[in-house]
Amino acid sequence: MGLRKDFLWGGALAAHQVEGGWDQGGKGMSVADVMTAGDNVTHAPRRITDGVLPGENYPNHEAVDFYHHYKEDIALFAEMGFRALRTSIQWTRIFPEGDETTPNEEGIAFYNDLIDTCLSHGIEPVITLQHFEMPWGLVKKYNGFMDKHVIDYFCRFASVCFERFGDRVKYWMTINEINNQAAQPIAHHMLQEGGVLIQDGDPKAEEMMYQSAINELIASAKAVQIGHAMNPDLMIGCMIANEPLYGATCKPEDMLEMEKANQKRYWMLDVHARGYVPAFVEKLWARKGYQIDLSDAERRVLAAGTVDYIGWSYYMSQAVAWREANTDFDFYELEDIVDNPYVKKSDWGWPIDPLGIRYGLNWMEDRYHLPQFIVENGLGAYDKVEPDGSIDDQYRIDYLRAHIAKMIEAVDEDGVDLLGYTMWAPIDIVSASTGEMDKRYGFVYVNKNNAGEGDLSRSRKKSFYWYKKVIATNGEDLA
Ligand code: BG6
């Protein structure tokens, strides 16, 4: 009973949310570099500016300066006993504009050292190729994945990563939370996942989302084939935002709406895992008159590039209700998700549902029969530093304990094949949705606030010691 002996306990980061050094080491500008900060008080959203403009606040430019602190930070992760560290390789450190023919050796040297530092501590690096980090050059020249040329640029980037790092990195993921854009075609998400610039409310938005997503999936499938051709032992997965969906009631319409919502949120995973576009998507394209450019040769690429495992993030479940006007049961997150009275919410309004992680693991197993890897799970919260410098983040321990307990039940009682758990995020980071520093996730506190004040020093929170014990006992002692 219990988790496998080599269970990959650890933490997960995204390069743009920690590294900083946005214009150092030959790095080019990425989509993360043109996003301003929003906040949780006025609910002002992050804005996308046309390039980097004077007088704007771009929180990812410095982030928590992992670019210069990675050795110290990885040593702290090692102190907790990490067996795995997930992070991404910023495309713009390797290809600054995105369409160069030769890579930037300074960027490669940085990641070589980062990977070697992990390995010197016995930490397995787990790499995401594209975590909201599309080169701004590709956005401006091609509108990101709307253009098929970008598939080739992504493959060139992936090839360099597999060639240069594949001797030491076994676990890979292609595109982070590719399905976030599926049911809410809003500007922020289409830029993050596909590098596509679009106005909110553009009537072509959904059709564009399908075209961009198809091109992303082709790029992912090609990358899987490139990686396997170089080394068949590489484990190349996808990365899905898993928000298990519940029907708001047992009313038949709510249940069908929930099923249609699952189809719409997870069809990209169907392509990643099964290698073909499911019939309900083809029907939706036909019904709405969408002209999606997907050739027979590209369909064969999708079939030949299925993933080895499913990586997914878990923060919340959602409840879905049917609206009477919604005669074709088409799902849109902003309209069809309703409050679930049975779960609490975080300070940022995110539902907290530990049982949902077990439900999600079972749902994935039943639908895909592939190994799974929980590559993100955590609580964004306000932390208070006491006068003696300590941080009593019991709420974070409670959150993680409850989720890990349900995760272990899914392995122990339901037989789910689970490779590991990399908690998000072991050190405080810049929030992806709001750009805030004060939405803290870490076991390690970083002295920097929303206003950018602080000396970036690191300190251990109470949860640091708790997680160390969890890993040391392979999840048996969660107290
Ligand atoms: C996931 C992303 O959506 O959730 C991360 O992969 C992100 O990049 C995480 O940071 C938590 O979201 P947020 O908005 O609180 O940072």
Side-chain angles (χ1 to χ4, degrees), residues 11-19 30-33 35-41 43-46 59-60 63-64 66 85-91 126-134 173-184 186 188-194 216 237-244 265 268-269 310-318 333 345-352 356-357 360 373-383 395-396 399-400 403 421-443 446 448 450:
L13 306 169
H16 73 282
Q17 289 172 268
V18 286
E19 282 179 10
S30 81
V31 297
D33 297 320
M35 293 184 76
T36 65
D39 74 75
N40 191 37
V41 181
H43 298 290
R46 300 190 79 172
N60 298 80
V64 296
F66 185 71
L85 177 67
R86 170 180 176 232
T87 190
S88 53
I89 289 181
Q90 294 212 61
W91 192 338
V126 176
I127 297 295
T128 318
L129 287 169
Q130 143 71 336
H131 192 136
F132 310 160
E133 288 150 355
M134 168 78 73
M173 274 165 277
T174 53
I175 300 177
N176 187 69
E177 290 190 338
I178 189 170
N179 63 320
N180 263 340
Q181 57 197 324
Q184 45 174 15
I186 53 174
H188 183 90
H189 278 289
M190 286 187 66
L191 184 69
Q192 284 192 322
E193 276 92 67
E216 292 161 45
C238 55
M239 201 300 198
I240 298 295
N242 191 5
E243 291 179 12
R265 263 197 70 82
M268 297 176 208
L269 176 52
I310 302 170
W312 49 272
S313 61
Y314 179 71
Y315 294 92
M316 65 191 98
S317 60
Q318 298 283 13
E333 292 190 5
K345 287 191 178 153
S346 77
D347 287 339
W348 275 261
W350 289 18
I352 299 176
I357 206 168
F373 195 162
I374 296 177
V375 294
E376 288 186 30
N377 172 234
L379 177 70
Y382 292 108
D383 287 337
Y395 37 88
R396 185 165 292 109
Y399 176 99
L400 294 171
H403 284 76
Y421 173 90
T422 52
M423 166 274 186
W424 184 270
I427 186 166
D428 294 343
I429 49 136
V430 174
S431 156
S433 57
T434 68
E436 294 168 293
M437 266 309 303
D438 289 336
K439 187 179 188 187
R440 296 182 185 275
Y441 282 90
F443 297 129
V446 178
K448 179 176 175 182
N450 281 351

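First listed ligand is number 1; within each ligand, the first listed atom is number 1.
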Output yes when the distance from some N or O of ligand 1 to some N or O of H131 is under 3.5 Å, and no in every other case.
yes
Could you tell me, atom by atom, which parts of ligand 1 come under 4.0 Å of a heavy atom of S431?
13 (P), 14 (O), 15 (O), 16 (O)
Within the 4.5 Å heavy-atom criterion, are D383 and R396 side-chain neighbours or not?
yes
Option passing side chain to side chain donor-acceptor pair (under 3.5 Å) with D428 (candidates K439, R440, Q17)
R440
Any idea which part of F132 is under 4.0 Å from ligand 1, heavy-atom wise: side chain, backbone, both or neither?
side chain
For the pair E216 (side chain) and I175 (backbone), establish whether a donor and an acceptor sit closer than 3.5 Å, ignoring hydrogens and angles.
no
Could you point out which residue of E177, E243, E376 forms a side chain to side chain donor-acceptor pair (under 3.5 Å) with S313?
E177
Using distance alone, decide if ligand 1 has a nitrogen or oxygen within less than 3.5 Å of any nitrogen or oxygen in W350.
no
Side chain of H16, backbone of H131: donor and acceptor closer than 3.5 Å?
yes
Consider every N or O of A14 and every N or O of ligand 1, then say whether any pair is closer than 3.5 Å.
no
Numbering the atoms of ligand 1 from 1, which are under 4.0 Å from a heavy atom of Y441?
11 (C), 12 (O), 13 (P), 15 (O)
Quick check: E376 and ligand 1, any N/O pair under 3.5 Å apart?
yes
Contact partition for S433 relative to ligand 1, non-hydrogen atoms under 4.0 Å:
both
Under 4.0 Å from one or more heavy atoms of Q17, ligand 1 contributes atoms 5 (C), 7 (C), 8 (O), 10 (O), 16 (O)
Check the angle between the aromatic planes of Y441 and Y315 and answer parallel, tilted or perpendicular using the 30° and 60° thresholds.
perpendicular
For atom 3 (O) of ligand 1, closest protein heavy-atom neighbour
E177 OE1, 2.5 Å
Parallel, tilted or perpendicular, judged at 30° and 60°: which one describes the rings of Y314 and W312?
perpendicular
Among side-chain atoms of D347 and Y395, is any donor-acceptor pair under 3.5 angstrom?
no
According to side chain to side chain contact (heavy atoms under 4.5 Å, CB included), who are the partners of S346, at least two apart in sequence or on a separate chain?
W348, W350, I352, L379
Counting from 1, what ligand 1 atoms have a heavy atom of W424 closer than 4.0 Å?
5 (C), 7 (C), 8 (O), 9 (C), 10 (O), 11 (C)
How far is atom 9 (C) of ligand 1 from its nearest protein heavy atom, and which residue and atom is that?
Y315 OH, 3.3 Å
Please could you name the atoms of ligand 1 that A432 approaches to less than 4.0 Å, counting only its heavy atoms?
7 (C), 8 (O), 10 (O), 13 (P), 14 (O), 16 (O)
